[in-house]
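Below, each value reflects all heavy atoms present in this structure, side chains not excepted, and no hydrogens, waters or symmetry copies. To find a chain, count down the sequence lines: A is the first, B the second, and so on, and within it residues start at 1.
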2 protein chains.
Amino acid sequence: MKNNCSLCDYKSAAAQKLTPDELKNLAPNCVTVKFKKGDTIIRQGTYSTNVAYLKKGLVKIHIDGPYHVQVVRIVKPRNYLGLPTTFGDKINQYSVTAIDESEVCFIDITTFRQMLQMNPDFTNQIMLELCKSELESYQKCVNRTQKQIRGKLADVLLDFADNIFKADTFTINVTQEDLGNLVDASRESVSRVMAEFSKDGIIEMKGKQVKILDKTSLQLISKKG
Amino acid sequence: MKNNCSLCDYKSAAAQKLTPDELKNLAPNCVTVKFKKGDTIIRQGTYSTNVAYLKKGLVKIHIDGPYHVQVVRIVKPRNYLGLPTTFGDKINQYSVTAIDESEVCFIDITTFRQMLQMNPDFTNQIMLELCKSELESYQKCVNRTQKQIRGKLADVLLDFADNIFKADTFTINVTQEDLGNLVDASRESVSRVMAEFSKDGIIEMKGKQVKILDKTSLQLISKKG
DNA sequence: GTTTTTTTGTGATGTAAATCACATTAATTT
DNA sequence: AAATTAATGTGATTTACATCACAAAAAAAC
């Protein structure tokens, strides 16, 4: 589907720095594609020929590790998916899969590079995002390797509530196995800890819907447990 | 110590893209500082006011985690230390400590931003490095969380030999505790595994000097163990 | 609406590695 | 050189999870 980028309601912070002319030039060089739950958006090991940008929906970024899959993170709209690959390596180092119905805008790499070349404000914003995400990934790695499962699951639930869904009741469209891969735990352990949280009145579960009842406990567990 | 950047023998890949004029302008806006083993170069939690660039020596980047310190990585010369902080956050998210006598060039942040604003080739190179390091840190995180200690230690030894020292005999100026923090293991476990590697004739240890005798085994352990 | 597949729940068992507790050696300091 | 302090080596014990092995429930396919 062809775009009119100037009128796009989902512009990235970086794209908002583009001039009307630059936006006009961008439009014929990007396409929006819809994905259904479970669809692969980017596949690890394949060539990266476009910059991908998430307009709507929810996706997971995941890497095939030596033993299991690791879900690196869940990404919400208005974020680029895989910028580092675009510049750092021609081959995708990770996969991206839709976990809800999603819309992704694929931008031609040459056009993207031109924008970087021409517009320092755009570049600056992109660099800012790159840096932030790198810092975040350092922090996440420390948490992943040092906290134990209860703490990591508490983190994830808080992240969903505060950052992704911005609501204390939400529906996570991923399996417990996915959650396990997100916190480096087995699906059995996720099941047990979630049951424990329910029993302790910290959360309430109805199928895939989660309601956070006691955020303070969750924050405590995130820190101490 | 004031610099003459034009004549500097340790220019980064990015700085090599600068024009003579830009280099001349850079010189009065950066200082080179020497550090001894154990000296703190950047301290987590403090304000970042400069871009740091490693000219000589060897340093470790480390983060205070919820339970222990995590050594994120060992960095060798001609690399920026903490670029992400410079843009992503004003407060240093990690510490950098010299593990050998080192020389670090501190570049004024405003000057650095000017160079980014003015010289797209410079910017491009910086972005490339940012992206590569982000991809690398994803991969490292997967390894850290999935491999077991023998595999992770094998990785580290191979990294030292192949990337850092570029020799099969080298002296690692860090304690086993540091190595533990680098592979997320206790110092006792590091001691045990290193002893095991020695016994099996894979490496030879004389104090802090390590000689790799059987790289093939090490590569195998890195993959399978 | 039945069947098949996927996802979840829960106990029993196994295990890698942490922790604890010292002994020993090496490196600094005085 | 002697005295501290820091770094290592090694066994015994504990532990947080993984893994295994099913059963039950839910979702998807037919």
Side-chain angles (χ1 to χ4, degrees), chain A residues 36-39 60 65-71 97 99-100 143-154 156 171-200 203-210 221 224-225, chain B residues 36-39 60 65-71 97 99-100 143-156 171-200 203-210 221-222 224-225:
Chain A
K36 288 200 299 288
K37 174 176 185 286
D39 285 351
K60 61 177 177 184
Y67 296 99
H68 340 270
V69 168
Q70 179 174 90
V71 175
T97 303
I99 61 182
D100 279 327
N143 280 339
R144 288 183 107 115
T145 51
Q146 293 192 13
K147 283 188 187 174
Q148 47 197 80
I149 296 180
R150 308 173 77 256
K152 290 189 279 188
L153 256 180
V156 167
T171 302
I172 23 170
N173 225 333
V174 295
T175 65
Q176 293 188 347
E177 175 141 32
D178 275 318
L179 285 180
N181 291 334
L182 185 57
V183 300
D184 299 301
S186 68
R187 64 144 266 269
E188 291 95 327
S189 295
V190 171
S191 172
R192 274 184 260 259
V193 173
M194 293 291 274
E196 194 192 316
F197 284 175
S198 281
K199 187 176 65 63
D200 294 350
I203 62 171
E204 195 179 279
M205 288 193 293
K206 274 187 212 143
K208 300 229 190 220
Q209 193 193 68
V210 175
I221 293 168
K224 294 272 166 179
Chain B
K36 288 201 300 287
K37 174 177 186 290
D39 285 351
K60 60 177 176 184
Y67 297 99
H68 341 271
V69 168
Q70 179 174 89
V71 174
T97 304
I99 60 182
D100 278 328
N143 281 339
R144 288 184 107 115
T145 52
Q146 293 192 16
K147 284 188 186 173
Q148 46 196 79
I149 296 181
R150 308 172 78 255
K152 290 189 280 188
L153 256 180
D155 276 351
V156 167
T171 303
I172 22 171
N173 225 333
V174 294
T175 64
Q176 292 189 349
E177 174 141 31
D178 275 318
L179 285 180
N181 292 334
L182 185 57
V183 300
D184 300 300
S186 68
R187 61 146 268 269
E188 291 95 327
S189 295
V190 171
S191 171
R192 275 184 260 260
V193 174
M194 293 291 276
E196 194 193 317
F197 284 175
S198 280
K199 188 176 64 64
D200 293 351
I203 60 170
E204 193 178 281
M205 288 193 291
K206 274 186 211 144
K208 301 229 188 221
Q209 194 193 68
V210 174
I221 293 168
S222 155
K224 294 272 167 180

- Query: To the nearest 10 degrees, how far apart in direction are the end axes of the helix from C:dG1-D:dC30 to C:dT30-D:dA1, each fit to five base pairs?
  - Reply: 60°
- Note on the structure: Closest non-hydrogen contact found for A:Q70 with B:Q146 is CB-NE2, 3.8 Å
- Atom CD of B:E177: over 12 foreign heavy atoms under 6.0 Å: no
- Close side-chain approach of A:T175 to A:K208, heavy-atom, < 4.5 Å: yes
- Validation row: A:L153, A:M194 side chains within 4.5 angstrom (heavy atoms): yes
- Note on the structure: Quick tally for nucleotides 7-20 of chain D: nucleotides whose base has a protein heavy atom under 4.0 Å get B, sugar-phosphate-only ones S, the rest -, giving SBBBBB---SSSBB
- Message: Can you give me the closest heavy-atom contact between B:L182 and B:V71, atom names plus distance?
- Response: CD1-O, 3.4 Å
- note: B:E196, atom CD; C:dA17, atom P; distance rounded to Å ~ 10 Å
- Task: Compare all side-chain heavy atoms of B:E188 with those of B:R192 and state whether any distance is below 4.5 angstrom.
- Result: yes
- Can you tell me the distance, in whole Å, between the OH atom of B:Y67 and the C1' atom of C:dA17? 17 Å
- Atom CG of A:N173 to atom C1' of C:dT6: distance rounded to whole Å? 14 Å
- Message: Under a 3.5 Å distance rule, please check whether A:Q176 uses its side chain to pair with a backbone N or O of A:V190 as donor and acceptor.
- Response: no
- Minimal heavy-atom distance between A:D184 and A:R144, with the atoms involved, is OD2-NE, 2.6 Å
